[in-house]
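Numbering of residues begins at 1 and proceeds along the displayed sequence. All values below come from the heavy atoms of this structure, side chains included, with hydrogens, waters and symmetry mates left out.
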Amino acid sequence: MSGRDVASLVLRAAVGGTMVAHGVRHGRSLDGTAGWFGSIGFKQPRLQAVASAAVEVGAGAALIAGAGTPLAAAAVIGTMAVAARSVHLENGFFITAEGYEYVLNLSAASVALAAIGPGSVSIDRLLGLHDKLTPVQRAGLAAGIGLAAAATQLATFWERPTPKPDPAPESAAAA
């Protein structure tokens with residue numbers, strides 16, 4: 001096993017495991033997840049909750065197994081791009097302020113993983129799919145499909161929520 005194989009396996013386990021955990025969490029509390037999706041401006045929040053759980057678990061499991069690696073990475077990139085745009089971008093960089101630090105790093109790791117490939121211990125390698133595309137093609141495919149899917153989901157289902165008005169100065173003083 002080469003250093004590249006080890007790097008791929010570590011990235012697959014870390015990003016894939018994170019996505020599975022996220023998806024399971026969303027799936028175990030579909031009503032709460034749907035309420036949250038509705039609160040951040042998504043139409044059909046129940047559909048969004050179910051899709052989120054399924055995509056996160058599916059993409060994570062595929063990454064862990066090294067199956068369809070560029071497409072699984074695209075699903076992570078798309079999911080993180082939706083999260084970045086709908087929640088994190090306006091909050092700055094740092095995750096401690098709900099910023100985009102976390103989603104950016106998962107996305108970057110997914111592009112890198114698509115580029116380096118699944119490694120020797122993977123279903124893609126077993127099926128002979130690991131070298132059908134160049135590293136640049138795999139990374140471009142993952143980023144392109146992921147960002148296109150995110151743009152489609154956002155355009156179809158998301159509208160920035162209207163900010164709640166600040167209480168009037170008299171109301172605040174009276175309270």
Side-chain angles (χ1 to χ4, degrees), residues 11-116 118 133 135-166:
L11 276 173
R12 287 179 18 224
V15 176
T18 298
M19 295 307 294
V20 168
H22 254 261
V24 167
R25 184 174 181 204
H26 285 158
R28 293 176 89 186
S29 59
L30 281 176
D31 290 336
T33 301
W36 178 75
F37 271 112
S39 76
I40 62 170
F42 277 92
K43 300 174 211 159
Q44 299 181 17
R46 178 79 177 184
L47 172 66
Q48 300 305 312
V50 170
S52 173
V55 168
E56 289 172 356
V57 169
L63 283 180
I64 291 167
T69 303
L71 297 177
V76 173
I77 293 162
T79 300
M80 295 302 106
V82 167
R85 180 68 184 106
S86 63
V87 177
H88 302 289
L89 201 57
E90 66 187 28
N91 297 322
F93 179 73
F94 294 105
I95 191 63
T96 53
E98 290 293 322
Y100 58 89
E101 173 184 16
Y102 172 74
V103 296
L104 174 67
N105 278 283
L106 282 175
S107 295
S110 296
V111 172
L113 180 54
I116 66 172
L133 301 171
V136 171
Q137 289 171 327
R138 290 190 304 261
L141 182 71
I145 290 174
L147 293 174
T152 301
Q153 182 182 9
L154 289 165
T156 305
F157 293 104
W158 183 69
E159 185 175 291
R160 181 185 303 281
T162 307
K164 295 179 182 170
D166 289 333

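Q153 is listed as a side-chain neighbour of Q48, based on a closest heavy-atom distance under 4.5 Å. By the 4.5 Å heavy-atom criterion applied to side chains, T79 and H22 are not counted as neighbours. Looking at L11 and I116, their side chains come closer than 4.5 Å, going by heavy atoms from C-beta outward.
When all heavy atoms of I64 and G17 are compared, the closest pair comes out as CD1-N, 3.7 Å. Counting all heavy atoms, side chain and backbone alike, I40 lies closest to W158 at O-NE1, 2.8 Å. In terms of heavy atoms, G99 sits closest to H88 at O-ND1, 3.3 Å. Shortest non-hydrogen contact noted between T33 and H26 is OG1-O, 3.3 Å. Heavy-atom minimum distance, A115 versus P135: O-CB, 3.2 Å. Minimum heavy-atom separation, L106 to V76: O-CG1, 4.2 Å.
Rounding to the nearest 0.5 angstrom, the gap separating the OH atom in Y102 from the CE atom in M80 is 6.0 Å. To the nearest 0.5 Å, atom OG1 of residue T69 and atom CG of residue L141 are 11.5 Å apart. Atoms CD1 and CG, from I95 and L104 in turn, are 11.0 Å apart once rounded to the nearest 0.5 Å.
Using modelled atom types, one side-chain atom of R138 and one backbone atom of A114 make a donor-acceptor pair closer than 3.5 Å.
Taking a 6.0 Å sphere around CD of E159, one finds it holds 12 or fewer heavy atoms contributed by other residues, nucleotides or ligands. Heavy-atom contacts from other residues, nucleotides or ligands closer than 6.0 Å to CZ of F94 number 12 or fewer.
Taking the six-membered ring where tryptophan is involved, the planes of F37 and F42 are perpendicular, since the angle between them exceeds 60° and thus also 30°.
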- Message: Walk me through whether F157 and V82 qualify under side chain to side chain contact (heavy atoms under 4.5 Å, CB included).
- Response: CA-CA 11 Å; F157 293 104; V82 167; over 6 Å; no
